[in-house]
Number of protein chains: 2
Amino acid sequence: MTNPIGKRELNKARKRAEIVDIATRSFFEHGYAATSMSAIAEELGGSKATLWAHFASKQDLFAAVIDLQVDSFSQDIDEVLTSQTYSVPALRRACARFLECLLRENAIRLFRLVVSEGGRFPEIKEMFYSRGPVKLRKCVIEFFATRVSEARATELSRLMIAMITGFRSDILLRPSSPSMAEREAFVDSLVEMITRGIPDQPTPS
Amino acid sequence: MTNPIGKRELNKARKRAEIVDIATRSFFEHGYAATSMSAIAEELGGSKATLWAHFASKQDLFAAVIDLQVDSFSQDIDEVLTSQTYSVPALRRACARFLECLLRENAIRLFRLVVSEGGRFPEIKEMFYSRGPVKLRKCVIEFFATRVSEARATELSRLMIAMITGFRSDILLRPSSPSMAEREAFVDSLVEMITRGIPDQPTPS
DNA sequence: CAAAAAGTGTACTTAGTAGTACAGGTATGA
DNA sequence: TCATACCTGTACTACTAAGTACACTTTTTG
């Protein structure tokens, strides 16, 4: 076969993905320091040599894990608000979805990991920040800007995002996860509060 | 001397405090797993035997560290809202102070540590949660309840606290800390948003 | 089929970990 | 003064980690 992608490269990529998958679970569960490469190799079924054939070091593997998760998170965020115009129902829908994204198991674990290891791995912190929060804010500002001024949209975005991420902050430390009803009640009062600061009809220019 | 507190106990307490102090810095800087008891002993100047004379294990020492920090954080929180009645200036002052408390170096590091190790040490998570967030919310509800109904006060507290902790969430991941002006602007818009949902005058019962 | 590339198993090096044991030193308290 | 309680240094056990070396087998490719 003279395929541009031979079986060689395909298998290699598959193996790599498998390693990243196992490593993700381990880093998520035990944190960076308490995850051991030997344990990953064992779970993989293969040997350590295979691990080092794909990643030069533990840090390299960690970076690959975070990169993948950030990507998936970033995609989730993207899908919520693309080409939406402001309306109260659209706002409510968006808030509920954002909250859902942020409370997903993987998103919580990613956040935990970035918060705890960010100090020691600045490049990981930046990777997450630019593709996560920064992007999110841009989307939300655009959404509000379809109804209010850019300055006001920025202000509202900041408050709205703060409320949603603040809710997550609490979840991180709570013994049990919040009920559906609690989440809905929170979104309702959040939306009510935000809409108080927005005129019912678009101001004609 | 027949003092109830002899030099013996005093010295012991001092040594203990010194150990906790060094351990605090190390846990804050490197996290739980990456902090070594040997390193603490070395920095202490003493020997490992001394460490184990005061704390039965690394986990014990860690718990003592968190306990002390939670206490100090809890006291800070207490001082902000004691016997305050609702008014817009009081609200603004309280928000500014809460934000200041939450953004203190030690509070941030404590939060980081509790978030990252909370999964592995549930008792630490609970210790922090009950003496931190739970207490804070109670104070804020009481404050709002001097003006609005209890139910409404609960709702407003949730939103207000979410906004403030959400601001911190962002800080945790940002490359640089926020300017004074940014903090003030945030508090201003937060206060404006909250006060929209509160009558200017107390409703006569 | 044969060469090349990748994966595997095992054993290894080097270094660091929590925690222990013990002998000698030093401050305290009666 | 003198026993007690604590502190210190050193050496130790038992274990685990990251990363390497190497001979071996399997799979892919031409």
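In what follows, every chain begins at residue 1, and chains take the letters A, B, ... in the order their sequences are listed.
Listed by first then second residue, pairs satisfying salt bridge (Lys or Arg N to Asp or Glu O under 4.0 Å) with a partner in residues 24-36 of chain A read A/Asp21-A/Arg25, A/Arg25-A/Glu43, not counting sequence neighbours.
A/Arg16 places its CZ atom 17 Å from the C1' atom of C/dG7, with the value rounded to the nearest Å. Per the geometry, CZ belonging to A/Phe55 stands 16 Å off P belonging to D/dT20, to the nearest Å. Protein atom NE2 of B/His30 is 11 Å distant from nucleotide atom P of C/dT17, rounded to whole Å. For A/Ile19 and C/dT8, the CD1 to C1' distance is 13 Å, given to the nearest whole Å. The distance from atom CG of A/Leu51 to atom P of C/dT8 is 10 Å, rounded to the nearest whole Å. When rounded to the nearest whole Å, the span between CD of A/Glu42 and P of C/dT8 equals 14 Å. Regarding A/Trp52, its CH2 atom lies at a distance of 14 Å from the C1' atom of C/dC12, rounded to whole Å.
Remark: A/Ser72 pairs with no residue by the side chain to side chain contact (heavy atoms under 4.5 Å, CB included) rule, at least two apart or across chains. Under the side chain to side chain contact (heavy atoms under 4.5 Å, CB included) criterion, A/Gln84 pairs with A/Leu81, A/Ala90, A/Arg93, A/Phe143, not counting sequence neighbours. Applying the side chain to side chain contact (heavy atoms under 4.5 Å, CB included) criterion to B/Ser179, with sequence neighbours excluded, gives B/Ala181, B/Glu182. With sequence neighbours excluded, the residues satisfying side chain to side chain donor-acceptor pair (under 3.5 Å) with B/Lys135 are B/Ser74, B/Asp78. Evaluation of the side chain to side chain donor-acceptor pair (under 3.5 Å) rule for A/Tyr32 yields no partner, not counting sequence neighbours.
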Can you give me every donor-acceptor pair (side chain of residues 184-191 of chain A, partner residue at least two apart or in another chain, under 3.5 Å) with its distance?
unit_1	atom_1	unit_2	atom_2	d
A/Asp188	OD1	A/Arg92	NE	3.3
A/Ser189	OG	A/Ala185	O	3.1
A/Ser189	OG	A/Phe186	O	3.2

Distance-only check: which donor-acceptor pairs under 3.5 Å involve side-chain atoms of residues 156-163 of chain A, not counting sequence neighbours?
unit_1	atom_1	unit_2	atom_2	d
A/Ser157	OG	A/Ile141	N	3.4
A/Ser157	OG	A/Ala153	O	2.7

Identify every side-chain donor-acceptor pair in residues 64-71 of chain A under 3.5 Å, counting partners at least two apart or on other chains, and give the distances.
unit_1	atom_1	unit_2	atom_2	d
A/Asp67	OD1	A/Arg131	NH2	2.6
A/Asp71	OD1	A/Arg131	NH1	2.6

Per-nucleotide protein contact along nucleotides 3-15 of chain D, 5' to 3', at a 4.0 Å heavy-atom cut-off (B base, S sugar-phosphate only, - neither), is -BBSSBB------

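Taking the six-membered ring where tryptophan is involved, the planes of B/Phe27 and B/Phe62 are perpendicular, since the angle between them exceeds 60° and thus also 30°.
Taken residue by residue, residues 114-122 of chain A places no heavy atom nearer than 4.0 Å to DNA chain C.
Pairing each heavy atom of B/Pro133 with each of A/Leu173, the nearest pair is CG-CD1, 4.5 Å.
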Name the pairs: protein N/O against N/O of nucleotides 13-16 of chain C, kept only if under 3.5 Å.
none

